[in-house]
Amino acid sequence: MKGKRCSINSTDSRQSPEIVHDYQSLQSLAKNFGGRTYDIDKPSDRQAIKLSLLRSMRPQALKVLEEIAASYHQTFDRPLPVSSLVRPEQYQQALHRVNRNAVLIDTPPHSTGLAFDIDYRYMSAAEQSFLMAALARMKDEGRIEVIRERSANYHVFAFIDGVRPSNEVITAS
C-alpha cells in the first residue's frame, strides 16, 4: 500500500462497519495528536503518526510488565532486568541482521507496543524459577504468550484484551 492513497468510504457496503469505525477513530485522533495534525491519507503522515503511536508500551503490556516487575522486586529486592521494549519496524529489520530471534513479519511484536524482553542471563536459579512460574501462570491464564530465547531472554507478548485470541484469529493473521 506504499505510495497509494488510503481511503475508507462509510457508504461503501463492501467495508465492514468495524473498519469504517476504526478508520474514523484514527482520523479523529490524527486531527490533534500530540499537538500536531496528520493527514492519514498521505503516506508520509501515516508513517509519522505510526512512529508517534509506537513510542510507548500499550497499557495491556505495561500492566503485565508492572505486575511481573513488582512481584519480582518484592521477592528479590532488585529491579526486573528488562532488555527490550518498543522498537520500530526499521530497527527490527536492522536488528535481524545480527540477531536471528528478531522476526521479520509485517508487524513484529515489539513494534506493536505489546511485547517486551526480560533478560535472565544474570539471574540466580531461584530468580529464574520464580520468573518462569510467574510467566507460566500468566500464559495458562491466557494473558500472554512467552518464548524463552537462546539469547538469555524471555520474549513476552501481552494480548490486546488481556485474553488470548481464538485459534482461528491466530491462524488468519
**Heavy-atom pair with the smallest gap, counting every atom of M123 and Q128** = O-NE2, 3.2 Å
**Heavy-atom closest contact (I68 atom, F116 atom, distance)** = CD1-CZ, 4.4 Å
**Side-chain (N153) to main-chain (H155) donor-acceptor, under 3.5 angstrom** = no
**Complete:** Closest non-hydrogen contact found for Y154 with M132 is OH-CG, 2.8 Å
**Asked** Backbone N or O of Q24 within a donor-acceptor pair of the S28 side chain at under 3.5 Å?
**Response** no
**Prompt:** Which pair of heavy atoms, one from A30 and one from I40, lies closest together, and at what distance?
**Reply:** CB-CG2, 3.7 Å
**Item:** Euclidean distance, Q27 CD relative to L29 CG, rounded to 0.5 Å
**Value:** 11.0 Å
**Asked** Counting distance only, does the side-chain N/O of T37 pair as donor-acceptor with the main-chain N or O of N32 below 3.5 Å?
**Response** no
**Prompt:** Without hydrogens or angle criteria, can the side chains of S124 and E127 be said to hold a donor-acceptor pair below 3.5 Å?
**Reply:** yes
**Prompt:** A152 and D119: which non-hydrogen atoms are nearest, and at how many Å?
**Reply:** O-OD1, 3.2 Å
**Request:** Locate the shortest heavy-atom distance separating D117 from V156; write the atom from each residue and the value.
**Result:** OD1-N, 4.4 Å
**Request:** May I ask you to decide if Y38's main-chain N or O and D45's side chain share a donor-acceptor pair within less than 3.5 Å?
**Result:** no
**Message:** Classify the ring geometry of F76 against F130: parallel below 30°, tilted from 30° to 60°, perpendicular beyond 60°.
**Reply:** perpendicular
**Request:** For residues L135 and K139, determine if any side-chain heavy atom of one lies less than 4.5 Å from a side-chain heavy atom of the other.
**Result:** no
**Request:** Could you please spell out the steps behind the side-chain contact (heavy atoms from CB on, under 4.5 Å) verdict for Q60 and L114?
**Result:** CA-CA 7 Å; Q60 300 87 342; L114 289 166; 4.0 Å; yes
**Request:** Mark yes or no for whether S71, through its side chain, and E67, through its backbone, hold a donor-acceptor pair below 3.5 Å.
**Result:** no
**Request:** Could you give me the CA-CA distance, side-chain angles and deciding distance for H73 and L80, then say whether side-chain contact (heavy atoms from CB on, under 4.5 Å) is met?
**Result:** CA-CA 7 Å; H73 187 268; L80 181 70; over 6 Å; no
**Message:** Could you check whether R78 and Y72, counting side-chain N and O atoms only, form a donor-acceptor pair closer than 3.5 Å?
**Reply:** yes
